[in-house]
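Okay, structure first, notes after.
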Amino acid sequence: MRIDKMLANLGFGSRKEVKKLLKDGAVKVNDRVIKDAKEHVEPEKDTVTLHGEAVEYKEFIYLMMNKPPGVISATEDNHDQTVIDLLEMEDAVYSPFPVGRLDKDTEGLLLITNDGQLSHRLLSPKKHVPKTYFAVIDQEVTDEDVEAFRQGVVLDDGYETKPGELKILKSGPRSDIELTITEGKFHQVKRMFEAVGKKVVYLKRLSMGPLELDESLELGEYRELTDEEIQSLMEYEVK
């Protein structure tokens with residue numbers, strides 16, 4: 001990769017600004033000053049420094065966010081704040097995108113990456129990757145609802161969902177539940193409860209495949225995935 005392209009990709013300035021850094025002798029590759037913007041480097045092997053500080057190059061970035069309500073799962077929007085707007089510049093320069101969508105008012109686990117292949121694998125309807133949600137429902141959730149979800153319910157547009165695993169955590173005038181589904185239809189969890197005459201008043205995603213929300217992350221916070229988490233996603237196959 002050309003040294004000017006690498007530094008520009010990492011957010012150290014435009015190609016023009018990077019050329020000035022090179023011209024000023026600020027960039028070294030393996031302790032050798034590089035002034036030619038066309039010089040090629042191997043990011044995984046060569047040691048690149050800028051003003052004496054090591055420059056780390058990654059092809060892919062994998063982030064876990066605890067998505068806050070009121071923020072949309074998109075890369076850009078003219079009206080609302082997006083999850084990408086919450087990223088630090090050093091992460092945003094990788095042009096990552098959310099893997100799937102959480103509704104604007106839904107909280108919880110959101111994977112953000114620039115690895116298109118992984119995203120496709122996790123979102124492919126053929127893969128049936130399970131996603132688990134915690135929800136508060138405005139009425140009593142019953143064993144009949146558990147059975148209905150196990151059979152699959154018919155949504156407002158006539159679509160019959162695949163079976164969902166519904167667990168009642170607390171039943172009453174307001175019920176706490178966990179629901180695991182293997183699809184990602186628009187507003188699916190909310191529409192499944194509407195199909196049994198109930199309403200979701202709070203929704204939070206807890207997991208997606210092998211990836212579980214780090215509960216130490218405050219709303220709007222994010223972190224890079226650990227090597228183990230990345231490995232588990234790469235190797236994940238639905239049983």
Side-chain angles (χ1 to χ4, degrees), residues 63-74 77 79-86 98-112 122-123 125 127-223 225 229 238-239:
L63 306 171
M64 175 195 297
M65 177 180 285
N66 187 0
K67 178 193 164 301
V71 176
I72 63 170
S73 303
D77 190 85
H79 305 290
D80 294 303
Q81 189 178 34
T82 73
V83 292
I84 303 304
D85 294 330
L86 300 179
V99 177
R101 289 174 179 269
L102 288 181
D103 300 341
K104 185 176 177 181
D105 59 350
T106 300
E107 301 176 6
L109 175 69
L110 189 64
L111 174 62
I112 300 174
L122 292 173
L123 296 178
K127 295 292 186 186
H128 309 308
V129 173
K131 294 169 277 287
T132 299
Y133 296 83
F134 169 81
V136 179
I137 312 302
D138 70 343
Q139 294 176 47
E140 184 174 357
V141 177
T142 65
D143 290 339
E144 286 77 19
D145 297 326
V146 173
E147 185 56 34
F149 277 43
R150 188 181 291 130
Q151 299 291 330
V153 296
V154 178
L155 303 184
D156 47 14
D157 60 0
Y159 176 79
E160 185 173 343
T161 68
K162 289 189 167 52
E165 185 186 344
L166 176 60
K167 289 181 186 170
I168 301 171
L169 304 178
K170 185 184 84 178
S171 189
R174 279 166 83 93
S175 301
D176 294 352
I177 63 93
E178 269 187 18
L179 175 63
T180 300
I181 57 175
T182 58
E183 303 172 283
K185 300 291 179 192
F186 185 66
H187 292 327
Q188 181 161 341
V189 175
K190 295 172 183 173
R191 291 164 69 204
M192 286 179 79
F193 276 98
E194 283 167 9
V196 294
K198 297 178 171 112
K199 187 179 176 189
V200 172
V201 292
Y202 172 81
L203 187 60
K204 174 183 182 178
R205 184 157 68 191
L206 304 176
S207 66
M208 181 180 192
L211 193 62
E212 295 184 2
L213 178 65
D214 182 340
E215 295 289 353
S216 71
L217 289 174
E218 299 287 337
L219 286 171
E221 287 186 342
Y222 69 93
R223 65 164 174 79
L225 296 192
E229 287 168 335
V238 179
K239 304 261 188 311

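All values derive from a computational prediction rather than experimental measurement. In this chain, residues are counted from 1 in sequence order.
Atom-to-atom distance recorded for Leu206:CG and Lys131:NZ is 13.5 Å, nearest 0.5 angstrom. Rounded to the nearest 0.5 Å, atoms OH (Tyr202) and CD1 (Ile137) are 12.5 Å apart. Met192 contributes atom CE, which lies 8.0 Å from atom CG of Leu166 (distance to the nearest 0.5 angstrom). Taking CG of Leu109 as the start and CZ of Arg205 as the end, the distance is 5.5 Å to the nearest 0.5 Å. The CG atom of Leu219 lies 11.0 Å from the CE atom of Met65; values are rounded to the nearest 0.5 Å. Here Leu203 contributes atom CG and Lys190 contributes atom NZ; the two are 6.5 Å apart, rounded to the nearest 0.5 Å.
Around the CZ atom of Arg191, the shell of radius 6.0 Å holds more than 12 heavy atoms that belong to other residues, nucleotides or ligands. The 12-atom threshold is exceeded at CD of Glu140, counting heavy atoms of other residues, nucleotides or ligands nearer than 6.0 Å.
Within the structure, side chain to side chain donor-acceptor pair (under 3.5 Å) contacts touching residues 160-176 (residues at least two apart or in different chains) do not occur. A salt bridge (Lys or Arg N to Asp or Glu O under 4.0 Å) check over residues 193-202, counting only residues at least two apart or in different chains, returns the pairs Asp145-Lys198.
Side-chain contact check for Tyr159 and Glu183: at least one donor-acceptor pair (N or O, by modelled atom type) lies under 3.5 Å.
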Discussion item. Between Leu211 and Leu122, does the side chain to side chain contact (heavy atoms under 4.5 Å, CB included) criterion hold? Intermediate values first, please.
Written reply: CA-CA 11 Å; Leu211 193 62; Leu122 292 173; over 6 Å; no
Item to complete: Could you walk me through whether Asp143 and Ile168 pass side chain to side chain contact (heavy atoms under 4.5 Å, CB included), step by step?
Response: CA-CA 8 Å; Asp143 290 339; Ile168 301 171; 4.1 Å; yes
Practice prompt. Evaluate the side chain to side chain contact (heavy atoms under 4.5 Å, CB included) criterion for residues Glu178 and Leu169: first the C-alpha distance (whole Å), next the side-chain angles of each, then the deciding distance (0.1 Å), finally the verdict.
Written response: CA-CA 7 Å; Glu178 269 187 18; Leu169 304 178; 4.0 Å; yes
Item to complete: Would you please test Val196 and Val141 for side chain to side chain contact (heavy atoms under 4.5 Å, CB included) and show each step?
Response: CA-CA 9 Å; Val196 294; Val141 177; over 6 Å; no
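Scored by the ring-ring contact (aromatic ring centres under 6.0 Å, His included) test, Phe193 finds Phe149 as partners (sequence neighbours excluded).
Between the side chain of Asn66 and the backbone N or O of Leu217 there is at least one donor-acceptor pair closer than 3.5 Å. No donor-acceptor pair closer than 3.5 Å links the side chain of Asp103 to the backbone N or O of Asp105.
In summary, Asp157 and Lys185 do not engage in a salt bridge, as defined by a charged side-chain N under 4.0 Å from a carboxylate O.
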